Amino acid sequence: MTVSIVQLLGGLSYATTLFLMAAGLTLIFGVTRIVNFAHGSFFMLGALFTAHWVTRWFPAWGESAPLYLMAILIGAACAGLAGAAAEFLLLRRMSGAPELYQLVATFGLTLAMHDAMQWGFGPDEVFAPRFPGLKGSVQIGDEFFPLYQLAMIALGPLVWLGLHLLLRRSRFGQRLRAATQDRSMLAALGVNPRPLMLGAVVLGCALAGLAGALQLPREPAHLQMDMNVIVETFVVVVTGGLGSIGGAFVAALLIGLVHAFGINVFPQATLVIVFLTMAVVLVFRPQGLNGKAVSAQEAGSGVREAAQKFRGLAMGAAGSSAIAAAFVLMAGLAWAGGPYWQALAADALILMIFGISLQSMMALGGLVSFGHAAFFALGAYGAALSHSLWGVSLPLALAAGCGAALAVAAVFGAAVVRSSGVYLAMLSLALAQVIWAGATQWVELTGGDNGLIGLTLVGDEGRPVFYALLVGLALVSVAALRFLARSVMGAALQALRDAPLRASASGLAVNWLKYRIFVESAVLAGLAGGLFAAHKGAVFPSLASVSTSVDALLVVLLGGVHQLWGAVAGSMVLSYAGAELGREVTYWRGLLGVFIMLIMAVSPSGLLGLLPRLVGAWRRRSGRSA
């Protein structure tokens, strides 16, 4: 019984951190309708700023409780100021964009802030002192529990009460609540919504910075804090229901307790249990515990607003010729280039196939996946294990990889047909995290973090044939996407994407169409994963990580989700720009993040959507000059 009480208290303490993060993210989403993937960066900023303040800049502050508390509040204020800058430079420009574009743009903000903090604070961990006056512990039976964590438990309800009073009793809070309901009506009544948006972002980011600063007496500040916390924050927000602070509070308690007890009962599967909890909630309540049901108009909001038709080759002959020439160049590098260029071209071709697999369900069906890496990893592990265990050749290994992705997608697809929008994206993220955790923990089969190495699916003498296979499969993937877009099924999918209620009333098998395109997309992603295993000769759990899923999203959105050649352009830009910047520039990820933000803000239709505008502007300028 004593152990259970200590675990209960530990879970409640962790729930406070989750609630502070989730409350800030919920405030920002409620007013701006932006799902801020960079929220973890403000958490990390608050932690790093406070840690340097009390250890390197003013170490005397770490020895006084009032001054230490003041340093924590300064760290939160610093995060709030950074949030104000982000709102002015990026978020207000993305307020009308589909949620998926917002996610990718704020991911670019994450990259930029990460490199900025690495430049400003350095790459090393910073160990802050314990909070003065709360360094001891209390005895509970035979166990001891830290006093500081008891204080954290008390802080959670106090923050919830403060937010409740702010939103219910103050004029600012009432206007914030009104803005969450109908911003256009509020503006029609003479209330400028921009200060409200700015205030919500500043308050939300300050709460994230406060959560990060409060972590310091328990763990050091480091540059991996952002990604470590943002995933579970999304779990809390989505489980509680987007836009509901009360739901976030309940979900934080639930996830905190699941996390605490999972460590004791299933220590190797704690993360799996956390995501399975979210998945179970979303299966039975697709809108979360306290969220509003997703309306039909919002069901495909991740991609529908960007374009109402799949444009195919609508960018014109000049643009098509340019992309075709670039593809031929990439194929030539894969066939006849040196080892470096061959490897880079192969990476781009595999990423292209992976991107097309995601594009097919996004562009045609309006289905958004934030965990498509799950099927990429399943394909890679299926091919690698079939080869290492049974010694099968490349064709059978690729078939095994596709089969593994098919088996999981066939089961998981039953949940897909019940979800949409951000909820579907997070449900797919839960699957990817479960696959990642399984690959990490099932050491006997997958090798854990050491991975499966030494694969010989492709020998040196077979490399030219393998590169030709990659080029051929990439072209077949583009052709299949074009054929699907012009088929009867493609028309039905686009009808479902644009008008789901009308499509259902017309007699279309809505759930079956969503299920089918999801499963077919997963199989193609599994094929890309199998090709990756053959190309690299090694497979690691990171293939199922969030960054791999984001790579697929970047490929599609950079090129243009509704452009037939979008994944081709996106994969070439991401692969070659990343490789060349990585060789020449120290903080290349930050530059890539700035580039991503610019593309999402200036041209949500991607590079191929921007190309005709640039050509038209050049022609008009040339005409005036003449």
Side-chain angles (χ1 to χ4, degrees), residues 32 34-42 44 82-83 85-119 223 226-227 230 234 302-303 305-306 347-348 351-352 354-355 358-359 362 368-370 372-373 425 429 545-563 565-582 584-611 613-614:
T32 67
I34 292 176
V35 183
N36 182 21
F37 194 88
H39 205 58
S41 298
F42 298 100
M44 183 168 68
E87 193 277 337
F88 179 77
L89 296 174
L90 177 67
L91 298 185
R92 68 174 52 180
R93 290 164 174 77
M94 300 299 300
S95 60
E99 291 164 351
L100 187 60
Y101 293 89
Q102 299 166 357
L103 277 171
V104 173
T106 53
F107 176 76
L109 178 61
T110 297
L111 295 177
M113 291 185 66
H114 183 279
D115 273 12
M117 280 182 269
Q118 183 176 353
W119 174 79
L223 288 172
D226 53 349
M227 295 304 296
I230 189 59
F234 273 123
V303 293
E305 294 91 332
D347 289 342
L351 189 58
M352 182 190 309
F354 185 31
L358 181 59
Q359 185 183 13
M362 285 174 55
V368 178
S369 172
F370 211 60
H372 218 52
L429 175 61
S545 65
V546 176
S547 60
T548 304
S549 294
V550 171
D551 283 345
L553 287 170
L554 290 178
V555 163
V556 175
L557 295 179
L558 282 177
V561 64
H562 291 279
Q563 304 285 349
W565 293 95
V568 178
S571 62
M572 288 190 294
V573 169
L574 190 61
S575 297
Y576 289 102
E580 292 303 305
L581 284 175
E584 303 294 337
V585 181
T586 302
Y587 301 104
W588 66 273
R589 290 182 181 86
L591 292 177
L592 179 62
V594 172
F595 177 72
I596 291 169
M597 288 187 286
L598 286 174
I599 291 297
M600 292 297 102
V602 174
S603 178
S605 55
L607 291 171
L608 297 189
L610 181 62
L611 184 61
R613 293 162 55 186
L614 294 177

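It should be emphasised that the depicted structure is a prediction, and the values quoted were computed from it without experimental measurement.
- Scanning for salt bridge (Lys or Arg N to Asp or Glu O under 4.0 Å) contacts around Arg589 gives an empty result, with sequence neighbours left out.
- With sequence neighbours excluded, no residue forms a salt bridge (Lys or Arg N to Asp or Glu O under 4.0 Å) with Asp115.
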**Asked** How far apart are the C-alpha atoms of Met227 and His114, what are their side-chain angles, what is the distance that settles it, and do they pass the side-chain contact (heavy atoms from CB on, under 4.5 Å) test?
**Response** CA-CA 10 Å; Met227 295 304 296; His114 183 279; over 6 Å; no
**Item:** Verdict with reasoning, Leu91 to Thr106, per side-chain contact (heavy atoms from CB on, under 4.5 Å)
**Value:** CA-CA 8 Å; Leu91 298 185; Thr106 53; 3.9 Å; yes
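- Between the CD atom of Glu87 and the CE atom of Met94 there is a distance of 13.0 Å, given to the nearest 0.5 Å.
- Residues that satisfy the ring-ring contact (aromatic ring centres under 6.0 Å, His included) test with Phe37, not counting sequence neighbours, are Phe107, Phe234, Phe370.
- Across every non-hydrogen atom of Met352 and Ser571, the tightest pair is CB-OG, 3.5 Å.
- In terms of heavy atoms, Phe42 sits closest to Ala82 at CE2-C, 3.7 Å.
- Between the side chain of Ser575 and the main chain of Met572, no donor-acceptor pair closer than 3.5 Å is present.
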**Request:** Let me see the working for Leu557 and Met362 under side-chain contact (heavy atoms from CB on, under 4.5 Å), right down to the final yes or no.
**Result:** CA-CA 10 Å; Leu557 295 179; Met362 285 174 55; 4.1 Å; yes
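- The shortest non-hydrogen separation linking Ala552 to Phe354 is CB-CE2, 3.6 Å.
- Each of Asp551, Leu554, Thr548 was compared with Leu351 under the side chain to side chain contact (heavy atoms under 4.5 Å, CB included) criterion, and only Asp551 meets it.
- Closest approach of Met597 to Ala105, counting heavy atoms only: CG-O, 3.3 Å.
- The two residues Ala112 and Val594 come nearest to each other via the heavy atoms CB-CG2, 4.3 Å.
- A side-chain donor-acceptor contact under 3.5 Å links Gln359 to the backbone of Gln563.
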**Message:** Under the criterion side-chain contact (heavy atoms from CB on, under 4.5 Å), I'd like the reasoning laid out for Ser41 against Leu109: C-alpha separation, chi angles, the key distance, then a yes or no.
**Reply:** CA-CA 9 Å; Ser41 298; Leu109 178 61; over 6 Å; no
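- Remark: Ile599 pairs with Leu558, Phe595, Leu607 by the side chain to side chain contact (heavy atoms under 4.5 Å, CB included) rule, at least two apart or across chains.
- Atoms CD and OG1, from Gln118 and Thr586 in turn, are 9.0 Å apart once rounded to the nearest 0.5 Å.
- Taking Ser547 as the reference, Ser545 meet the side-chain hydrogen bond (donor to acceptor under 3.5 Å, both in side chains) condition, with sequence neighbours excluded.
- Taking all atoms of both residues into account, the shortest heavy-atom contact from His372 to Ser549 is N-OG, 3.4 Å.
- Under the side-chain hydrogen bond (donor to acceptor under 3.5 Å, both in side chains) criterion, Gln102 pairs with no residue, sequence neighbours left out.
- The structure places CE of Met113 at 9.0 Å from CG of Asp226, a figure rounded to the nearest 0.5 Å.
- Across Leu553, Val550, Val556, a single residue satisfies side chain to side chain contact (heavy atoms under 4.5 Å, CB included) together with Val104, and that is Leu553.
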